[in-house]
Amino acid sequence: MPRLDPHSYFDTDQPRTRHLDLDIAVDFARKRVTGQVTLVLDRPSSGPLDLDSKGLAIASVRTDAGPPISYELSPEEPILGSRLRLMLPPGTGKVVIAYETGPDAIGLQWLAPEQTAGGRHPFMFTQFQPIHARSMIPCQDSPMVRATYHAAVTMPEALTAVMSAGPQDAPAGSAPGTRTMVFDMPQAIPSYLIALAVGDLASRDLSPRARVWAEPATVEEAAWEFAGVEEMIVRAEQLFGPYEWDRYDMLVLPPSFPYGGMENPRMTFLTPTLLAGDRSLVDVVAHELAHSWTGNLVTNATMDHFWLNEGFTVWAERRILEALHGEGAAAASWSIGQTALAEAIARFGADSPFTVLRTHLEGVDPDDVYSSVPYEKGSLFVGLLERTVGRKRFDRFIRAYIERFHFTSITTEELMAFLEEQLPGVAAKVGAEEWLGQPGLPANAPVFRSASLEALTSLAEGWATGARPAAGQLATWSPGELLVYLQHLPRQLDAASCRWLDETLNLTSRGNYEILVEWLTIAAGSDYEPVFGRVREVLMKVGRMKYLRPLYGALGKHPRTRKLGREIFAAAAPTYHALSRRVVESVMEKYDG
Ligand code: BES
Ligand code: ZN
């Protein structure tokens with residue numbers, strides 16, 4: 001009974017799901033998804049079939065021919081959820097499960113109209129990575145299993161659904177007041193890439209194969225911000241081979257979306273905090289697009305190999321950025337990543353197992369240990385391989401890697417075997433065993449420097465001894481350079497310094513959230529009262545975990561900001577995604593007094 005994925009009841013001896021057919025209704029009044037899923041197995045089978053489920057109420061299970069299938073739902077485990085064991089009668093090729101989602105399904109967020117830009121309609125979206133598909137669909141919820149899917153989704157008439165599929169067919173016939181949309185995903189994907197959002201949505205075409213979806217109130221802004229996406233796809237194809245997913249559409253979600261972006265195939269989900277008005281945050285789109293190769297074509301077999309998804313993708317994102325905006329832009333991105341990695345290693349401790357790339361997370365909730373480590377330590381390892389063999393050979397290797405493993409899910413060990421086959425001796429030369437298996441950052445980590453970044457960081461680090469940027473200099477900084485500068489300033493400044501910075505750099509009024517949040521983190525951590533109103537405004541609106549963690553963390557440093565943090569959280573918590581709430585609670589546990 002081999003269970004090879006510590007986060008799933010999937011059993012490799014049992015049949016695999018080859019296709020899912022969803023027929024579901026989205027019930028906003030009851031905050032439930034109801035309906036049925038048909039699982040098509042890869043072979044006619046009999047005996048036990050173990051599925052993942054979390055909080056689901058199972059109404060019935062039968063074969064597609066009709067006879068009921070007996071089943072057993074085990075008690076819920078905190079991380080895995082409940083094992084749903086079906087006892088298949090001989091020759092079973094399809095099972096049909098009728099069910100309803102639970103009241104607090106972690107993979108779904110239900111938004112009241114006030115939480116949307118339009119303010120008139122409710123909104124619902126899913127976020128299934130890493131292990132939350134099971135809270136909406138009983139399934140083999142492991143990335144080791146890939147399946148195609150088809151879905152019929154019924155919703156209130158005024159709303160529109162998008163999925164990680166499509167393009168969708170013409171709306172099917174519907175009951176009064178409702179509307180049913182039909183989706184088809186013909187490429188086999190792991191369950192964590194199934195995605196659904198329902199709301200008042202409009203779209204704009206950006207190219208023949210790319211479109212952006214958003215609420216009507218934000219769709220024009222979104223179309224302007226992401227207008228360059230086709231050029232990005234073309235550059236990415238030059239680097240990594242043909243784009244294999246037909247369309248690249250994007251959905252801009254309401255601000256409670258807990259991530260910056262999610263690479264749902266054919267429908268990347270994005271936070272509206274990217275709408276800076278100057279296209280300065282499109283690196284997140286480059287990242288999600290890059291997952292179309294590294295992550296969605298070649299997928300981590302389990303969360304213990306998550307760095308394969310994110311490390312390769314951060315490296316790929318920076319190659320796209322370099323191709324589009326030059327080495328300076330890529331260098332700034334590497335520098336920002338280095339700061340994030342140092343913060344994560346400091347938070348866990350340099351000898352923590354959560355700073356290792358190839359992890360052993362049995363008994364650990366992957367959401368609890370989500371950090372920059374797989375991203376930044378992973379991309380440094382890939383960057384080191386690239387530097388060691390040279391770009392030309394490494395680019396050939398990456399293409400061969402994608403071709404060899406596309407539409408499969410692999411382990412770190414499989415990558416390393418392929419590396420040894422293609423580029424013999426390189427792993428030993430770079431010390432791959434330490435990189436993959438030891439905590440902290442190896443001494444041979446590559447450093448991506450540029451003269452202008454060095455100047456910026458030493459200017460910032462010289463703050464206490466009176467170093468200040470000259471007015472003429474400031475005007476030439478890109479948003480990325482300004483961010484690097486802010487990241488290297490002391491974390492605590494006096495009020496006069498805060499005032500000088502804000503007046504000189506207009507920080508509190510910025511629309512670029514990376515800069516705004518970095519600034520508010522410094523200012524709140526310095527107990528600088530003039531920003532408290534803006535901090536409240538941001539925290540009452542935005543649920544992106546990347547911003548909640550440092551802001552609530554900074555508020556923990558002084559008695560009156562702790563009080564402010566607690567007060568804001570009490571008011572904002574009901575509007576946050578459950579994952580975001582958990583992150584803030586873990587930050588606040590460390591508040592003293
Ligand atoms: N796939 C991730 C988001 C994710 C990872 C969700 C693990 C749940 C579990 C996505 O591609 C991502 O990395 N997003 C980043 C973007 C950034 C690195 C450019 C984010 O949300 O900040
Ligand atoms: Zn990613």
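Residue numbers count from 1 along this sequence. Source: prediction; values computed, not measured. Read the numbers this way: they start at 1 and go in the same order the structure lists the ligands and their atoms.
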State the atoms of ligand 1, each with its element, that fall below the 4.0 Å cut-off from a heavy-atom position in Y370. 5 (C), 7 (C)

Could you check atom 20 (C) of ligand 1 against the protein and tell me its nearest heavy-atom contact, residue, atom and distance included? G260 N, 3.5 Å

What atoms of ligand 1 come within less than 4.0 Å of a heavy atom belonging to P130? 9 (C)

Considering only the protein, which heavy-atom contact is closest to atom 22 (O) of ligand 1, and what is its distance? R544 NH2, 3.4 Å

D304 and its side-chain contact (heavy atoms from CB on, under 4.5 Å) partner, picked from T359, D5, V356, V364: T359

For the 3.5 Å polar cut-off, considering only N or O atoms, please tell me whether Y375 and ligand 1 meet it. yes

Once rounded to 10 degrees, what value does the angle at the Zn ion (ligand 2) take between NE2 (H287) and OE1 (E310)? 100°

Give the residue and atom name of whichever protein heavy atom lies nearest to atom 5 (C) of ligand 1, and the separation in Å to one decimal. Q129 OE1, 3.3 Å

Taking the six-membered ring for Trp, is the centroid-to-centroid distance between F348 and F354 below 6.0 Å? yes

Is any N or O atom of E288, backbone or side chain, closer than 3.5 Å to an N or O atom of ligand 1? yes

Establish, for the pair R391 and F394, whether the NZ or CZ atom is under 6.0 angstrom from the six-membered ring centre and no further than 45 degrees off its axis. no

Answer yes or no: does an N/O atom from E317 fall short of 3.5 Å to an N/O atom of ligand 1? no

Parallel, tilted or perpendicular: which describes the rings of Y375 and H287, with under 30° parallel and over 60° perpendicular? parallel

In this structure, does ligand 1 have an atom that sits under 4.0 Å from one of the heavy atoms of Q127? yes

Does the side chain of W213 come within less than 4.5 Å of M250's, by heavy atoms? no

Please report which non-hydrogen protein atom sits nearest to atom 10 (C) of ligand 1, along with the residue it belongs to and the distance in Å to one decimal place. G261 O, 3.2 Å

Measuring centre to centre across the rings, with the benzene-like ring taken for any Trp, is F405 within less than 6.0 Å of F418? yes

Are the ring centres of F125 and F257 closer than 6.0 Å? yes

Is the F312-W293 ring centre distance short of 6.0 angstrom? no

Using distance alone, decide if ligand 1 has a nitrogen or oxygen within less than 3.5 Å of any nitrogen or oxygen in E263. yes

With a 4.0 Å cut-off on heavy atoms, does F306 reach ligand 1? yes

Polar-atom distance check: V314 versus ligand 1, any N or O pair below 3.5 Å? no

Does F381 have its ring centroid less than 6.0 Å away from the ring centroid of W315? no

Just jot down the ligand 1 atoms closer than 4.0 angstrom to any heavy atom of H291, in number order. 11 (O)

In the protein, what heavy atom is nearest to atom 2 (C) of ligand 1, and what distance, to one decimal place, separates them? E310 OE2, 3.3 Å

So is R204 actually on top of W224's ring, under 6.0 Å and inside 45° of the axis? no

